[in-house]
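Some notes on the structure that comes next.
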Amino acid sequence: MSASPAPISGNIPAHVAIIMDGNGRWALKRGLPRLAGHKAGTENLRQIIKACVEFGVKYLTIYAFSTENWGRPQEEVLGLMRILEDVIDRELAELDSQGVQLRHLGQLNRLPAFLQEKVLHAIEATRHNSRLIINIAFNYGGRDEIVHAIQQIIREGIPASEVTPELVSQYLYTAGTPDPDLIIRTSGELRISNFLIWQTAYSEWYVTPTYWPDFDKTEFRKALEEFAQRDRRYGKVNSTEYEENHA
Ligand code: IPE
Ligand code: IPE
Ligand code: MG
């Protein structure tokens with residue numbers, strides 16, 4: 001029997017958000033259609049979800065379909081919708097048994113009716129779970145989210161003097177969820193692509209050239225280990241270093 005790896009020493013991020021990128025290039029490299037890359041990417045999620053439960057991550061947000069992804073060929077868009085439908089059908093019972101709660105970020109009413117129903121069912125079926133909360137960002141855009149929040153605030157007649165960062169946070173799709181501690185982007189791109197633009201104000205970044213379907217538990221662990229070494233200052237100075245140098 002092989003010894004289990006040492007636990008990660010240091011801070012485990014409470015909330016990890018992942019830009020699961022590189023499915024298309026993963027497929028291209030193998031001479032496969034892009035949808036095969038999306039399917040492989042979905043398969044890969046299973047081990048990352050298990051790793052989150054094992055390492056004690058409490059919130060996992062996954063960017064699965066952006067408001068800009070509607071501009072892809074129709075075949076790919078519909079394929080991505082079908083993949084989400086399939087995942088819910090195949091994985092819901094297992095996720096529920098692992099204590100996973102599913103939530104959705106984005107505008108649900110723009111999705112095809114068959115998918116809206118599935119997503120609502122998955123949310124309802126897992127709402128009692130609390131071991132790991134998974135936010136599925138699907139038809140999600142950061143700008144759309146902020147515009148939606150502003151519209152709600154105005155509709156409710158909230159006076160301008162009461163609009164604070166805390167209040168705005170309560171009107172986002174992520175209301176009630178702590179801001180992400182760690183953002184992971186696979187496939188090497190150095191951009192945010194309209195993901196959680198409000199919530200990531202002080203998130204730590206981890207970018208790897210690995211394509212999403214190949215981003216395994218070992219790579220995930222590496223990202224968490226690197227996070228544990230980060231010095232998060234939030235614009236302030238590190239108090240221990242300051243005292244040492246200004247005694
Ligand atoms: C990410 O992989 C998944 C979605 C955006 C739906 P891509 O499809 O963007 O893969 P690349 O970037 O083309 O390789
Ligand atoms: C971001 O990836 C969206 C998702 C991972 C769902 P994209 O591949 O759509 O982003 P760009 O086009 O490289 O910025
Ligand atoms: Mg991409």
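As the structure lists them, so they are numbered: ligands from 1, and atoms in each ligand from 1.
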Exercise. Has ligand 1 got any nitrogen or oxygen that is less than 3.5 angstrom from a nitrogen or oxygen of Asp21?
Worked result: yes
Problem set entry | Distance-only N or O hit between ligand 1 and Arg25, under 3.5 Å | yes
For this session: Closest by any non-hydrogen atom to atom 8 (O) of ligand 2: pick that one out of Met20, Arg72, Glu68, His38.
Result: Arg72
For this session: Kindly give the atom name of the N, O or S atom of Asp21 closest to the Mg ion (ligand 3).
Result: OD1
Exercise. Against heavy atoms of Ala64, which atoms of ligand 1 measure under 4.0 Å?
Worked result: 6 (C)
For this session: Below 4.0 angstrom from a heavy atom of Phe65, which ligand 2 atoms are there? Numbered from 1 as shown, please.
Result: 6 (C)
For this session: Work out whether the distance between some heavy atom of Gly22 and some atom of ligand 1 is less than 4.0 Å.
Result: yes
For this session: Quick one: pull up CD in Glu145 and NE2 in His148 and give me the separation to the nearest 0.5 Å.
Result: 9.5 Å
For this session: Look at atom 12 (O) of ligand 2 and say which protein heavy atom is nearest, naming residue and atom and giving the distance to 0.1 Å.
Result: Arg191 NH2, 4.5 Å
Exercise. Side-chain contact, heavy-atom cut-off 4.5 Å: Trp205 with Leu190?
Worked result: no
Problem set entry | Donor-acceptor contact present, side-chain Asn44 to main-chain Phe215, <3.5 Å | yes
For this session: Please indicate whether Glu156 has more than 12 foreign heavy atoms, meaning atoms of other residues, nucleotides or ligands, lying under 6.0 Å from its CD.
Result: yes
Problem set entry | Test of proximity, Ser193 against ligand 2: N or O pairs below 3.5 Å | yes
For this session: Please write down residue, atom name and distance for the protein heavy atom closest to atom 2 (O) of ligand 2.
Result: Arg185 NH2, 3.7 Å
For this session: Walk me through it: do Tyr211 and Thr186 pass the test side-chain contact (heavy atoms from CB on, under 4.5 Å)?
Result: CA-CA 6 Å; Tyr211 295 144; Thr186 56; over 6 Å; no
Problem set entry | Carboxylate-amine/guanidinium contact Lys39 Asp86, below 4.0 Å | no
Exercise. Has Gln151 got more than 12 heavy atoms of other residues, nucleotides or ligands less than 6.0 Å from its CD?
Worked result: yes
Exercise. Ligand 1 versus Asn69, non-hydrogen atoms closer than 4.0 Å: side chain, backbone, both, neither?
Worked result: side chain
Exercise. Is there a donor-acceptor contact under 3.5 Å linking the side chains of Gln199 and Thr174?
Worked result: yes
For this session: Give a yes or no on whether atom 10 (O) of ligand 2 lies under 4.0 Å from any heavy atom of the protein.
Result: yes
